[in-house]
Amino acid sequence: MTAPTTAPAAPAAPITSVTSVFVRLKLSLLRNGLRQSSGRRAAYVASVVVTLLFAALQLIGLIALRGHAHAASLAVLLVAVLALGWAVMPLFFPGGDETLDPTRLVMLPLRPRALVRALLTASLVGIGPLFTLCLLAGSVIAVAHGVLAYVVGVVGAVLALLVCVALARAVAAANIRLLTSRKGRDLAVLSGLVIAVGAQAVNFGAQRLGSSGLGELDPAADLVRWLPPASAIGAVDAASEGSYGVALLQLGLAAAALAALIAVWSRHLTRLMTEPDGSTLPTAGETAVRQSTGLARLLPAGRTGTVMERGLRYMWRDPKTKAAWVTSLAIGLIVPVFNAVQGTGSIYFACFAAGMLGILMYNQFGQDTSAFWMVALTISSPRDAYVELRARACTLLLITLPYATLVTVLTAALLGDWTRLPEALGLSFALLGAMLATGAWTSARFPYSIPQEGYKNVAPGQVGLAWISIFGGMVAAALLCTPHIALTIWLNVSADGENLTWLLLPVGAAYGAGIAALGLRLAAPRTAERLPEILTAVSKG
């Protein structure tokens, strides 16, 4: 009797590395995204070409600095700015990379250590890491002198790249609940403001360097070279000078920063994978009936106070309104202050603050979008329309008057031109009143819709209305200010008028208040008559 034969055991399935799976997943996401449409494919290819061209130019520029006395300072600060960009990128562009959202992986049986390793490797696939690597390579070539310095440079470039990527991942994991909420979309809308402010800062810095040379960077670079990941490039410079102990310490700082970022990232991943999302759970305070508190209690009673409180809530809660306000506040401060700091400005540049905020008076009803029908139901006469427009103007003045005054005083302090402060303030107040007047009229005559989704500020087909409303109103406001401007010029050129320039402040304030009141009075009947047309225009978005 023979023993029964057993079937051969099936070969074990090969174990697939989690890291390789995530790398293939990243490549699949890129490939499938390009397959969606030819327009998206063309845009991606164009962005890749522009990015690589810019990276190549930066690489050539850094190589050309090799041997320059201050090349190390520039390279260190460049890497620090690069790391800052990686840190803020997830906050302002949360939808730029689908793999930045770890909550998509909560159902997978993955341990945090393996997940961190896989995500970190997959994050190295893309245009951003390639651009960063080009700048790091150029920085190493510009700074390194000697074989050991190049060895330190290779290690330092890898560490700096990993620190940048890990920093972006840790920031994204720590704020992913925020970034996928309405407040996160508010941050994305405000990204244009950060770019504009950053561009002004870069422009100011470039002008200072052009006049003073790269030596201006040395004090800042001496501090930044000890901060990761810039310390990795500082280590290359130290190795070039023979300070190998300092180089080793600076490399150690970069490695320690990488380990700390990975630990923070892993902790946040564990929390995201194991804890429920409490962002949608109501708190005790949210379940209660909200009462008017704070500033709302100080507002006037009746319709005026209600409209003002509604406008203030729009400023705080509506992403488009908030973005418009923050942009106007920032640019209105940047232009006069930056010019004053550079010594090329004038105190009259402070009028830019009043002008930027005065633009917010234009298209008042378009900010309400389709919700304007509830406002329209409460307007049955020119008197109702006047109170509505007046309250909206008062909401604007509540912030604009103290802000314009502050910017003018700050500009005068930076320039040391206190004698012209009254006339600059008077001109700002006159300009603000003229813009309130023309803004009220154009809001009734040329309303247009503001789309709530996306980055467009004008609905399709209404671009012409927007141009007429804003630029036509600004030209009209400038013409309305002509009498006050003429008086300002006359008092400055007249031999006997220099002692009377202080009168331009009360005259400007009175002129601005009078022209604003007249504009509101004239716009109220037009608003009451055109309510159906206004409602149709602002509801198209």
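Heavy atoms only: backbone and side chains are in, while hydrogens, waters and symmetry mates are out.
The backbone N or O of Trp226 lies less than 3.5 Å from no partner atom in the side chain of Ser231, so there is not a single donor-acceptor pair. Between the side chain of Thr321 and the backbone N or O of Met315 there is no donor-acceptor pair closer than 3.5 Å. For Asn363 (side chain) and Tyr448 (main-chain N/O), a donor-acceptor pair under 3.5 Å exists by modelled atom type. Under a 3.5 Å cut-off, the side chain of Ser328 and the backbone N or O of Ala324 do form a donor-acceptor pair. Formation of a donor-acceptor pair under 3.5 Å by the Arg66 side chain with backbone atoms of Ala144 is found in this model.
Rounding to the nearest 0.5 Å places CG of Leu251 at 9.5 Å from CD1 of Ile233. Taken to the nearest 0.5 Å, the CG atom of Leu261 stands 10.5 Å off from the CG atom of Leu120. Here Phe352 contributes atom CZ and Met356 contributes atom CE; the two are 5.5 Å apart, rounded to the nearest 0.5 Å. In this structure, the separation between CZ on Arg225 and CG on Leu77 is 8.5 Å, given to the nearest 0.5 Å. Taken to the nearest 0.5 Å, the OG atom of Ser266 stands 8.5 Å off from the CG atom of Leu115. Separating the OH atom in Tyr403 from the OG atom in Ser428 is a distance of 11.5 Å, to the nearest 0.5 Å.
In this structure, Leu410 and Leu333 have side chains that are in contact, with non-hydrogen atoms separated by less than 4.5 Å. In this structure, the side chains of Pro229 and Leu159 stay at 4.5 Å or more apart for every pair of heavy atoms. The shortest side-chain heavy-atom distance between Leu124 and Val165 falls under the 4.5 Å cut-off. Between Asp368 and Tyr314, some side-chain heavy-atom pair lies under the 4.5 Å cut-off.
Here the closest non-hydrogen pair linking Gly332 and Ala353 is O-CB, 3.7 Å. Shortest non-hydrogen contact noted between Ala149 and Val236 is O-CG1, 3.8 Å. Between Leu135 and Leu62, the shortest heavy-atom distance links the atoms O-CD1, 3.6 Å. Taking each heavy atom of Thr411 and Ser346 in turn, the nearest pair found is CG2-O, 4.0 Å. Annotation for Leu59 and Ala137: closest pair CD1-C, 4.2 Å, computed over non-hydrogen atoms. Closest heavy-atom contact between Ala157 and Leu136: O-CD1, 3.4 Å.
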Would Leu82 and Thr132 satisfy side chain to side chain contact (heavy atoms under 4.5 Å, CB included), going step by step from the backbone distance to the final call? CA-CA 8 Å; Leu82 194 64; Thr132 304; 3.3 Å; yes
Could you walk me through whether Tyr244 and Val152 pass the side chain to side chain contact (heavy atoms under 4.5 Å, CB included) check? CA-CA 10 Å; Tyr244 300 113; Val152 173; 5.9 Å; no
For Leu357 and Trp325, run side chain to side chain contact (heavy atoms under 4.5 Å, CB included): C-alpha distance rounded to whole Å, both residues' side-chain angles, the deciding distance at 0.1 Å, then the answer. CA-CA 7 Å; Leu357 294 181; Trp325 269 96; 3.9 Å; yes
Is there a side chain to side chain contact (heavy atoms under 4.5 Å, CB included) between Leu119 and Trp265? Walk through the geometry before answering. CA-CA 11 Å; Leu119 286 175; Trp265 182 14; 3.6 Å; yes
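Counting only N and O atoms by type, the side chains of Ser123 and Arg169 include a donor and acceptor under 3.5 Å apart.
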